[in-house]
Enquirer: 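Just dropping this structure here.
Atoms within a ligand are numbered from 1 in the order they appear, just like the ligands themselves. Start at 1 with the first residue, then count along the sequence.
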Amino acid sequence: IRAAGLADEITGYARSAETREIARQIGLCDRVLDSATEAVEGADLVVLAVPVGAMGPVAQEIAPHLASGAILTDVGSVKQAVIEAVGPHVPAGVHFIPGHPLAGTEHSGPRSGFATLFQNRWWLLTPPPDTDPVAVQRLTDLIRAMGANVEIMEPAHHDLVLAVTSHAPHLIAYTMVGVADHLRRVTEGEVIKYSAAGFRDFTRIAASDPTMWRDVFLTNREATLDILGRFTEELFALQRAIRMGDGQQLHDYFTRTRAIRRGIVEAGQDTSAPDFGRSQPPADAAGPAPNPPAQKAGEKPVA
Ligand SMILES: NC(=O)c1ccc[n+]([C@@H]2O[C@H](COP(=O)([O-])OP(=O)(O)OC[C@H]3O[C@@H](n4cnc5c(N)ncnc54)[C@H](O)[C@@H]3O)[C@@H](O)[C@H]2O)c1
Ligand SMILES: O=C(O)C(=O)C[C@]1(C(=O)O)C=C[C@@H](O)C=C1
């Protein structure tokens, strides 16, 4: 917001004095206040950027201090749970427009943000049906001015799509690193020492914030369990193919997944070029994040 000169003044608050001090030192905001209620006083736009499970209590605290006509948004990775937790606290005259930028890294805290984080990334908004379209347009314009692409989505659909593209993959990464850790004694540290690129990607993802991800799984329970159920079925099918020596099945499967990947790259939607927008600021612009995998013939649709 600052890099694009989109606000007259940016105020901030974090619950720990240490975080507020770092934010002051690095000049993250124009003013860092010592309470959330002071930070939102008179603001045109208020952004909640706390773990999904903390959104409700924070919204309750600031609600009486929000200016009439203000836009209240959030960046939580799950949308239905945030709407349920925050919605009841939003005063009349305040426009609540839930949101989710599909951009981030495994790092947390005030030093982890960088000005190009949102460039060419999707930013999903899930406004309730009766939201003032002028307010939605204002927020959309601001997000686009930061370089992101905006899409409006139903909250339930958002949660299902993200279960496929983000939540289940994170759980799989956490699990894979956990398995490697269990094996450590057997392999005398070689698993970590000789970790190949694929596994290193898993370890990066598995270094993500435990509180954030605990809340994601607790609040997007149904969709994540649905996707993990499907994942487990596919995994068992491949496991059986390996056991039975069914090379054709393995080859057919990998050919299909390779085609999905190539389709993403050809559509200019690959954001996974060396560490793009993840551990470090991106060196160049790339397209928005890929869409979820296509449905297979005869498979029950996920939405
Ligand atoms: N990191 C990502 O990749 C990413 C991407 C998109 C969306 N998100 C979402 O953004 C939100 C913030 O994540 P982040 O990566 O900026 O995390 P962060 O750890 O950098 O910031 C979260 C802040 O919330 C504070 N906090 C934690 N528990 C709290 C509580 N109970 N009450 C009040 N404050 C509390 C922390 O102290 C911290 O200052 C989360 O909802 C997350 O799901 C994260
Ligand atoms: O690259 C990463 O570190 C991320 O996992 C970022 C990522 C994701 O793509 O899944 C994580 C959670 C979010 O809600 C949005 C973005």
Side-chain angles (χ1 to χ4, degrees), residues 12-23 26 28-29 32 35-37 39-40 47-62 73-83 85-86 98-114 117-118 120-126 143 146 148 153 158-159 161-174 200-220 223-224 227 269-282 286 288-292:
Y13 169 74
R15 69 183 168 158
S16 93
E18 189 191 349
T19 303
R20 295 198 296 273
E21 195 41 44
I22 296 169
I26 64 175
L28 200 60
C29 309
V32 176
S35 76
T37 53
V40 304
V47 184
L48 300 179
V50 293
V52 171
M55 296 278 183
V58 172
Q60 183 173 22
E61 186 187 348
I62 62 169
T73 190
D74 75 293
V75 293
S77 303
V78 178
K79 293 282 50 93
Q80 290 178 107
V82 170
I83 291 168
V86 173
H100 182 197
L102 305 190
T105 71
E106 71 278 22
H107 301 299
S108 310
R111 295 190 196 276
S112 309
F114 47 92
L117 178 63
F118 304 118
N120 288 296
R121 292 308 192 116
W122 287 115
W123 194 308
L124 306 176
L125 297 179
T126 61
I143 294 169
M146 286 191 275
M153 233 184 225
H158 166 280
D159 289 355
V161 170
L162 266 292
V164 181
T165 60
S166 177
H167 304 168
H170 272 77
L171 198 75
I172 293 162
Y174 278 123
R200 275 207 303 273
D201 284 351
F202 276 136
T203 62
R204 184 187 75 76
I205 292 288
S208 301
D209 186 66
T211 306
M212 168 184 159
W213 285 99
R214 177 203 63 194
D215 285 7
V216 166
F217 293 118
L218 292 181
T219 58
N220 199 20
T224 310
I227 301 308
Q269 293 182 324
D270 173 29
T271 53
S272 65
D275 240 6
F276 177 86
R278 289 168 180 250
S279 301
Q280 292 164 17
N291 293 320

Enquirer: For atom 33 (C) of ligand 1, which of Arg111, Arg121, Glu106, Arg15 has the closest heavy atom?
Expert: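 Comparing heavy atoms across Arg111, Arg121, Glu106, Arg15, the nearest one to atom 33 (C) of ligand 1 lies in Arg15.
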Enquirer: Nearest 0.5 Å please: distance from the CD1 atom of Ile83 over to the CG atom of Asp159.
Expert: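 Going from CD1 on Ile83 over to CG on Asp159, the span is 8.0 Å.
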Enquirer: Can you confirm, on distance only, whether ligand 1 has an N/O atom lying under 3.5 Å from any N/O atom belonging to Gly109?
Expert: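 Yes, there is a polar N/O contact under 3.5 Å.
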Enquirer: Is the shortest N/O to N/O distance between Ser77 and ligand 2 below 3.5 Å?
Expert: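 It does: an N or O of Ser77 is found under 3.5 Å from an N or O of ligand 2.
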Enquirer: Enumerate the atoms of ligand 2 whose separation from the nearest heavy atom of Arg204 is less than 4.0 angstrom.
Expert: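 Atoms satisfying the 4.0 Å criterion: 1 (O), 2 (C), 3 (O).
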Enquirer: Identify, for atom 43 (O) of ligand 1, the protein heavy atom at the shortest distance, and state residue, atom and that distance.
Expert: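 Protein heavy atom at minimum distance: Ser77 OG, 2.6 Å.
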Enquirer: Taking side-chain hydrogen bond (donor to acceptor under 3.5 Å, both in side chains) as the test, write out the residues that go with Thr19, two or more places apart.
Expert: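 Residues passing side-chain hydrogen bond (donor to acceptor under 3.5 Å, both in side chains) with Thr19: Ser16.
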Enquirer: For atom 32 (N) of ligand 1, which of the options Ser108, Ala36, Ala54, Ser16 provides the nearest non-hydrogen atom?
Expert: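 Among Ser108, Ala36, Ala54, Ser16, the closest heavy atom to atom 32 (N) of ligand 1 belongs to Ala54.
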Enquirer: Within this structure, what is the CZ-OH distance for the pair Phe202 and Tyr174, rounded to the nearest 0.5 Å?
Expert: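 Answer rounded to 0.5 Å: 13.5 Å.
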Enquirer: Which atoms of ligand 2 have any heavy atom of Met212 under 4.0 Å away?
Expert: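 Within the 4.0 Å cut-off of Met212, ligand 2 contributes 12 (C).
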Enquirer: How does Trp122 reach ligand 2, by side chain, by backbone, by both or by neither, if only non-hydrogen atoms under 4.0 Å count?
Expert: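 No part of Trp122 comes within reach of ligand 2.
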Enquirer: I'd like to check whether Ser208 has a polar contact with ligand 2, where a contact means an N/O of the residue lying under 3.5 Å from an N/O of the ligand.
Expert: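 No.
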Enquirer: For the residue pair His167 and Phe217, does the interplanar ring angle fall in the parallel (under 30°), tilted (30 to 60°) or perpendicular (over 60°) class?
Expert: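 Perpendicular.
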Enquirer: In chain order, what residues pass the salt bridge (charged side-chain N to carboxylate O under 4.0 Å, His left out) check against Glu61, with sequence neighbours excluded?
Expert: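 Testing Glu61 for salt bridge (charged side-chain N to carboxylate O under 4.0 Å, His left out), a comparison that skips the adjacent residues, returns none.
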